[in-house]
Amino acid sequence: MSAVRDRFAAASGHRLFWPLVVLALLIVANTVYRPSFLSVELKDGHLYGSLIDIVRLSAPLILVALGMSLVIATGGIDLSVGSVAAVSGAVACLYISKQPDQNSLGGVFTALALAFGVALVLGVWNGTLVAVIGIQPIIATLILMVAGRGLAQLIAEGQIITINSEPYRTIGVGHLLTLPFAIVVALVVTLLVAVLTRRTALGMIIEAVGGNAEASRLAGIRSRRITLLVYVVSAACAAVAGFMMTANVSSADGNAVGLWVELDAILAVVIGGTALAGGRFYLGGTIVGALIIQTLTTSVYAMSIDPQTALLFKAVVVIAVCLIQAPAFRARLRRRRTPPPPPPTAVETQKEQVPA
Amino acid sequence: GNSDTGGSGGEAGSDKIVLGFSQVGAESGWRTANTTSVKEAATEAGIELKFDDAQQKQENQIKAIRNFIQQKVDVIAFSPVVESGWDTVLKEAKDADIPVILTDRAVDSADKTLYKTFIGSDFVKEGRLSGEWLVEEKKAATGPVNIVELQGTTGSAPANDRKKGFAEAIATNPNLKVVASQSGDFTRAGGKQVMEQFLKANPKIDVLFAHNDDMGLGALEAITAAGKVPGKDITIITIDAVKDGMQALADGKFNFIAECSPLLGPQLMDLVKKVHAGESVPERVETEETTFTPEQAKAALPTRKY
Amino acid sequence: MTTTPLAARDAKAWWRVPQRHVPVLATLALLLVMYGIGVSQYTAFSNIQVIFNILIDNGFLLIVAVGMTFVILTGGIDLSVGSVVAMTAMVSASLLRSGLPPALVLVIALLIGPTLGFAMGCVIHFFDIQPFIVTLAGMFFARGLCTWISASSIPITDGFWTSMAQERIRIGENFVSVSVLITLVVVLVAAFVLAYTRLGRNVYAIGGNPQSALLMGLPVGRTKIAVYTISGLCSAIGGIVLSFYTLSGAPLIAVGMELDVIAAVVIGGTLLTGGSGYVFGTVLGVLVLGVIQTLITFDGSLNSWWTKIVIGALLFAFILLQRLVVLRKK
Amino acid sequence: MSQPRPVLTMTAISKIFPGVRALDGVDFRLFPGEVHALMGENGAGKSTLIKVLTGVYGTDAGTIALDGEQVSFAGPMQATAAGVSTVYQEVNLLPNLSVAENIFIGREPRRGPAVNWREMRRRATELLARIDLRIDVTELLGSYSLAVQQMVAIARAIDVRARVLILDEPTSSLDADEVAQLMRIMRQLRDDGIAILFVTHFLDQVYGIADRITVLRNGRLVGEWPTAQLPQLALVEKMIGKELDALESIDAEAGHDPAAVAAGTPLVVADGLGRTGSVAPFSLTIHAGEVVGLAGLLGSGRTEVARLFFGADRADRGQLTVDGSPTAIRNPVAAIERDIAFCSENRRTEGLVGELTVRENIILAMQAARGWLRPVPRRRQDELVQRWIGALSIRPANPDVPVRNLSGGNQQKVLLARWLITEPRLLILDEPTRGIDIGAKTEIQRLVVELADGGMAVLFISAELEEVLRLSHTVAVMRDRQLVATLTNDDTLDAERVMHAIASGDRQESEVHP
Ligand SMILES: Nc1ncnc2c1ncn2[C@@H]1O[C@H](COP(=O)(O)OP(=O)(O)OP(=O)(O)O)[C@@H](O)[C@H]1O
Ligand SMILES: Nc1ncnc2c1ncn2[C@@H]1O[C@H](COP(=O)(O)OP(=O)(O)OP(=O)(O)O)[C@@H](O)[C@H]1O
Ligand SMILES: [Mg+2]
Ligand SMILES: [Mg+2]
C-alpha cells in the first residue's frame, strides 16, 4: 500500500507527470464522447485514426515549439515563426510550380534547399537584430512577423500557389513504415535538437546565457553567437514546419500558413515547464505541451463544440494545466485536505508563495 | 513610404477623379483578384486610385477613411470589414462632401444617406442557389441525405448569409439534413482539418457544402485520405469559383459551384464617375454572377482569369 | 581618513540630460523627423487635423498601452488586453440593446475589465504561474465571451453613446473627439501615479528585482495584483472609447491588438524585463505606430503585401536609429 | 548588561529544505541594548535563521516571540512593521532606482498622496553623510560598486527606528574605515536600547563589538556565551567542531621572496593601460609565480583594474603585453584564451548562474573555452567537481543542486572552483574571501600561496589589508581610480606604510618596477 503511494509520489513529482495527466484526460473525454476515438486501424498499410491524426497535425507545432524552446531558454522570444513558415512554404511551392515536371525529385529537393536557405537568412536576420544590434527580442522579431507575411504574399503575389507534386505532398500526407511522414520528420528533428543540445554542451550554455547573460559573458561564453544560433535554429524549424503545412494541402497561402502558430508554440513551451524569463528548458515538456494544444483543437472539431464556446473551453483547459502544475496551487490543495496539526496560523498560507 | 504620386494628394482642381479605396485585406485569392480588378479598372477609366489595405481591421479602415478625407479625395469606396460602426466616420465624410460607395459587403447604418450606393454580391442568394441545386439533384432520394457544412469565419457576413440561404433552400425537402457544421475559417488547412473530423464522426456523409472553394479544396484531401471518392461518394458544393475550384469542378471532384465574382472593378468605376458627376445611381448594384456545373466549368476554364 | 573618493564626482550641470532620459528623448526626436518626412512628401500631411486624427484614431490604443506600461514595468505581460477591449465593447453594445440606461451600462462595462484583471493578478501571484499563460487564458476567455454574446456585431444607437462618438470639440479650424480628452486624462493620471505615488514606485521596484523588493518589505503581491487590475481597467476604458469610436460591439474587433500595444510600449523605451520606462515613452510609441500608418495611407500606392513589408521596414529603421542614438550617447 | 526579558526569543526552530535540514531545533534569544553575534561556518544556517525570523521562509517547527508575544510574520513587510529591520546577506536592493529611493522606498516622505522627491533627496544625502558616504543620491544605485550598495543597504536599515536590527554579513566588502563607521553607529544604536543581531566571519569585529555570541553548526545550536567568556580559539573550535591547528600556520608558509619572483619573466605587463571615466592610465607588471595585491579604499578602482586585465571592460588606451607580445584583450574570451581567469566580486550578478547546478557552474568556464561541440566528458566532470567540492569543502557536497540554494559562502567557493579548474596562468581574484568562514578562508589563502609557488600569477584584491599583505609579493596601491604606488612586500612593508600611500596626497612613483 505505502509502496504504491511512494511510487505515485515519485511519479507525480516528475515534471511531465501533470501535463501527461491532462493529455490523458483530454483523450479520455474524447473517447467517452466517441468511443471510436481510440481505434487505430491499418488502411492500405497506413495507420489511420484520430490519435495518429493528432500526432500528425501537431508535427508542425512540435517543430516550431522546439525552436521556440531554445529561443525562450536564452530569455528571448520569436514571434516571426509563423511568417518564416509562410515564406519558406511559399518559396518552395513557387519553385515547384515553375518546374516543368513537378514530380521530379530533383526539383523538389532544390526547392526545399532554396526555401530552407531563405529561412536561414531570415533566422540570421532575427539573430543579428537581437544579438548584435541589441534590440529587444519581442520587437526585433515582430518586425519580421509583420514584414514576413508581406514577403510571403509578395512571393505568391497574393494568390494561393497550388502545386501538384507527389514528392512534396509526401512531406505532409505521405507515409513511411506505416507512419505518417510528418510524424517521422518531427521525430527526427526532435532527436536532432535533443542530440544537438543535450549530447553537446550547447544546452547548458544556452541555459547559462538565459540564466545570467553577464555571468556567462564573464565565464568566456560567446553569448552573441549562441543567441544568433538559436534564432537560426528556430527559423530552420519553422521552415520545416512550413513545408509540412503547405504540403498538407498542396498549396501555399501566404496569409494563412502558420497564422498564430507563434502563440501556440509559446504556449506549448510554457506548458512544458520552461520559464519565459529564460534559463532551463525542457524539450520533453514542450512536446507534451504541443500535443495538448493539438488535442484540444481536435477535440473542439471532433466534439463539434461550436466555435463560440471553443475559446472558453481552451481557456479553461490552459488554466487547469497550469494550475495543476503549479507547486503553489498543489501545496494549497494539500493543506486544505489535511490541515497541519499544531500551530496553523492565519498568516501561514501566505508563506508558500515567497520564492526561495 | 516613398511615393511616386507624392504630393498629388488629390487636391481639388486636378481634372483626374481621385478615388480612395480601402480594402479589407489580402486574406484570400478571391480578395486579391478583387483588388486587382479595382486597380486595373481604375487605370483603364483614368481614375487616380489611393489604395489602402486594412489588414482585416476595422480600426485601420476608419483611420484610412479619415486620411482620405484629409487628402480631399473625390470619392471614397471601401469594403467594410464588419457591418456596424461606420456612422461617425461616414458622417465626417458627408460633412466634407465626399460621396461614399460600399463594395462587396454592406453596412447596417440606419441613416441611408451616409453612402451613395452598394455594389457587391448577394451572399444569401449564393447560398440559396447552392441549396436549390442540391434539392433538385437529390429529389429522387428516398432515405435521409446527410449534409456536412464547412462554414466561413465565424460571424462574418458571407458565412452567416450563405448558411442562411442554403438552409432556407433545403428546408423544402425534409430528407436533406445538415448533420454537422463547423467553421473552417475560409482556409484550405482549416477545411481539411475539420473535414477529417467530420469523416471520423459521421460514417455516412452524402453531401459537403463549403462556404468557399478553398475549404472545399482542403476537404478534398481529407476525403481522398479517408478512401472515399470526392464528387461520387460525396457530392461537393462550394461557392466562389476561383480557378483552382473550377479546375476541381472540371475534373469532377466538385459537383457544383455558385459564383461569387470578385471582378467588380469596371462596375465600380462606372459608379464612381456617375457619383462624382452628381448623377443618381441605384441604391444597390449586384455583380454579375452565375453558377457552374462540371460541363460549364470545362468551357469557362480556359478564359478564367483568377 | 574620511574623504572617500566617492565624493569626487563633479556636480551635475543643470543642462546635462540624465542618462536614463536619453532613450525617450531620442525617440521623440526621431518621431519629429518622421513627421517632418511626411510633411515634406505629402501636402495634406501638414494639416493640424492629421495630428488630431492620429490622436482620435489611436486613443483607445494609447489608453490600453498605458495600462500595459504598468504591467511591463513590473516585468509581467498582459496578453488579454485586446480581448478585454472587445469584450467591454460587446457587453456595452448588448446591454444597451437590451435597453439598460447608459449610466448603468457604463458602470458595468467599466467593472468587468478590472475584475478579470484582478482575478488574473491573483492567479499569477498566489499560484505563482507565469503571467504569459494566465493572461493568454484570460485572452481566450474574454474572446470566447465576445462570440458567446453574439457572433456578429451589434450596433449601438443609444443617444449618449452617439453624442460621445460624434461630438467634435473644435480647436480653431480643427477638432478632436471626446475620446481624446479621456485619453489625455488617463495618460496624466497614470504618469502621476507612476512618478509620485507609492504604488507607482513599488511598480518600478518589483520590476527591478522582485526578490529584493520582497526582502525590502514592499507589498509585492498587492502591487502585482494591482497592476493587472489597472491594466484591466485601462482595457475597459479603452473598450468604452472603442465603442464610442465604432458605435458598435464586434466580436472580432481588436484581434492581435495586444501585440500593437506591447510594441508601442517597447518602442517607447520601456524594458520588457521591467523596472525602467515612462508613460511619456508609451505615448511616443503609440504616436510612432500612428504616424507610420498615416504615412502609408497617404502614400496610397502600396498593395497589401508591400504595406506589410513597408510597415516592417519603417519599424526597423526607427528602432535601429533609436538604438544607434542611444548607443552613441553612451 | 543583559536585561531579564529578551526582546526576541526563538524556540526549537527547524527548517527543512528539500534534501537539507538547514535548522534543527535551534534556540536563540536577543536582549535589548546588546550586540549579539551569530557565528558559524558557511552553510551553518545563520541566514536561514534570519529569514525564518523575518518570515521570508515559513518554519517547519518552533515558535518565535517578540516581546514575549508569539508572532509569525507572513513576510518582511510585516516584520518591518513590527520593528524588525534587516539587511540580508546578499545586497538586496533595486539597481534600477536612485540611491535615495532605495533608502526610502516603502516609507517615502510624502506631501498629500504624492511622494516628496525633494525632501527624500535631502534626507538621503543627510543620512548617508552620517555614515560618511558622499555620493549623488539621484544616481541609479546600480551604477555604484557593491561596497557602496552595501553601505546604502545599511543606511536604509538603520534609518528605520527599529527595536531589532539584523545585519547579515554587512561588512563583507567594506574597508576598515567603513567598518569602523559601522561599528560606531552600531554602538550608538545599542546604547539607545536597540537589539542588534550581527553576522560576520571577521573575528576581530566580533570581539570588537559583540556582547554575546551564539554559535551554530550544521543547523544545530552549539551554544550561547557572553563574549568575554569565549576566547577566540575556543569560538573557532566551537564553529568548526574540531581542534584547530592550521590557522596560524599560513604566515609561516607564505615565507616568500619577492625579489626572486620579480626577477623572473614578466607574464603580463600593462603599460599605460586605462579607460576613460573608469581608471586613469597605469602601468603594472605581473610575473609568473607572483602574487600582486591591490590595496585601496572603497571605490578606488581596484575592480576596474581587474576588469581591464580580463577584457570585461575594454581599455581605450595603453598597451597590454602577454608573454612578451603585445595583445589587445577586447573581451573575456580573448583573456581566457591567454589563460587569464577572473573571479568577480559580485557573485550573484556577475558570477554564478543561479538556476544551474553546482556541477554546471563549476565546469562553465572550462566548457566555454572548449566550445560547445566538445562537452567535458562526464567522468572528467565528476572527477574535477568532486575534487574541488572536497578541497574547498563546499556544502552540501551534492554537485547536482542548483547553486542558488547554496549559502552565500559556499556560492563563493563554487565560483572559485570554476576558475581553478581552468588552470590559468594569471588568476585575478576580486574579493575571493568575501563571506567565507575562517576555516575556508585559511584554505583559500593557502591555496593562493600554493598556486603561486607552482608558477601561477595572481592578482589579489581584498578589502582586508592584512590579507593582502600576508599573501602578496607586491602591493599596488589605488586611490581615486589611479594607481598611486607599487610597493615591494619585503620585511619593511606593513599596514601603516600602505595606509600612508593610500592617504598621502601626492602621486608616488612606483618603487619597484620602474
Ligand atoms: N564617486 C563615485 N561616483 C559614482 N560611482 C562610483 C564612484 N566611485 C565608485 N563608483 C562606482 O564604483 C565602481 C568603482 O569602484 P571599483 O569597484 O572599481 O573599486 P574597488 O576599489 O574595487 O572598490 P570596491 O571595494 O567598492 O569594490 C564603479 O563601478 C563605479 O561605478
Ligand atoms: N532556498 C534553499 N533551498 C534549499 N536549500 C537551501 C536554501 N537556502 C539555504 N539552503 C541550505 O541551507 C543551509 C544553510 O544555509 P544558510 O544560507 O543559512 O547558511 P549561512 O550560515 O548563512 O552560511 P554563509 O556563511 O555561507 O552565508 C545550506 O546548506 C544551504 O545550502
Ligand atoms: Mg549566510
Ligand atoms: Mg571592488
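Just so it is clear, the model here is predicted, and its values are computed rather than measured. Reminder, nothing fancy here: chain letters follow the sequence lines and each chain counts from 1.
Under the side-chain hydrogen bond (donor to acceptor under 3.5 Å, both in side chains) rule, S84(B) has a single partner from S152(C), S153(C), S248(C), which is S153(C).
There is a side-chain donor-acceptor pair under 3.5 Å between Q322(C) and T27(C). For the 3.5 Å distance criterion, the side chains of D185(B) and T187(B) fail to qualify, holding no donor opposite an acceptor.
Ring centroids of F78(B) and W86(B) are separated by less than 6.0 Å, placing the two rings close together. The ring of F209(B) has its center closer than 6.0 angstrom to the ring center of F166(B).
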Step-by-step side-chain hydrogen bond (donor to acceptor under 3.5 Å, both in side chains) determination, T307(C) to Q55(B): CA-CA 9 Å; T307(C) 303; Q55(B) 314 198 8; 5.2 Å; no
I would like to know whether Q23(B) and D52(B) meet side-chain hydrogen bond (donor to acceptor under 3.5 Å, both in side chains); could you show each step before the answer? CA-CA 6 Å; Q23(B) 178 61 289; D52(B) 181 81; over 6 Å; no
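Between chain C and the options N60(B), I69(B), V82(B), the largest number of non-hydrogen pairs under 4.5 Å is found for N60(B). The greatest number of non-hydrogen atom pairs below 4.5 Å with chain C, out of I62(B), L49(B), D108(B), is found for I62(B). When each of I292(C), T246(C), L252(C), V255(C) is checked for heavy-atom pairs under 4.5 Å with chain B, T246(C) comes out on top. Taking F45(C), F175(C), W306(C) one by one and counting their heavy-atom pairs under 4.5 Å with chain B, the maximum is reached by F175(C).
For D260(C), the part lying under 4.5 angstrom from a heavy atom of chain B is the side chain only. Interface remark: T153(B) contributes side-chain atoms only to the contact with chain C (heavy atom separation under 4.5 Å). Heavy atoms of T32(B) lying under 4.5 Å from chain C belong exclusively to its side chain. Contacts of P251(C) with chain B are absent, with no heavy-atom separation under 4.5 Å from either backbone or side chain.
Below 4.5 Å, heavy atoms of chain C meet heavy atoms from D87(B), T88(B), K91(B), E92(B), D95(B), all part of residues 87-106 of chain B. Contacts of residues 87-99 of chain C with chain B at a heavy-atom distance below 4.5 Å are absent; not one residue qualifies.
Closest of all the heavy-atom pairs between A64(B) and T297(C) is CA-CG2, 3.7 Å.
Remark: K125(B) engages E286(B) in a salt bridge (charged side-chain N to carboxylate O under 4.0 Å, His left out) (not counting sequence neighbours).
A salt bridge does not link D161(B) to R128(B): none of the charged side-chain nitrogens sits closer than 4.0 Å to a carboxylate oxygen. With salt bridges taken as basic N to acidic carboxylate O contacts below 4.0 Å, one links R162(B) and E126(B).
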Using a 3.5 Å cut-off and no angle test, enumerate the donor-acceptor pairs between side-chain atoms of residues 51-66 of chain C and protein atoms at least two apart in sequence or in another chain.
from, atom 1, to, atom 2, distance (Å)
N53(C), OD1, Q49(C), NE2, 3.0
D57(C), OD1, R66(B), NH1, 2.5
D57(C), OD1, Y245(C), OH, 2.7
N58(C), OD1, K63(B), NZ, 3.2
N58(C), ND2, I54(C), O, 2.8

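Ring orientation note: the planes of F160(C) and F244(C) are nearly perpendicular, at an angle over 60° on the 30°/60° scale.
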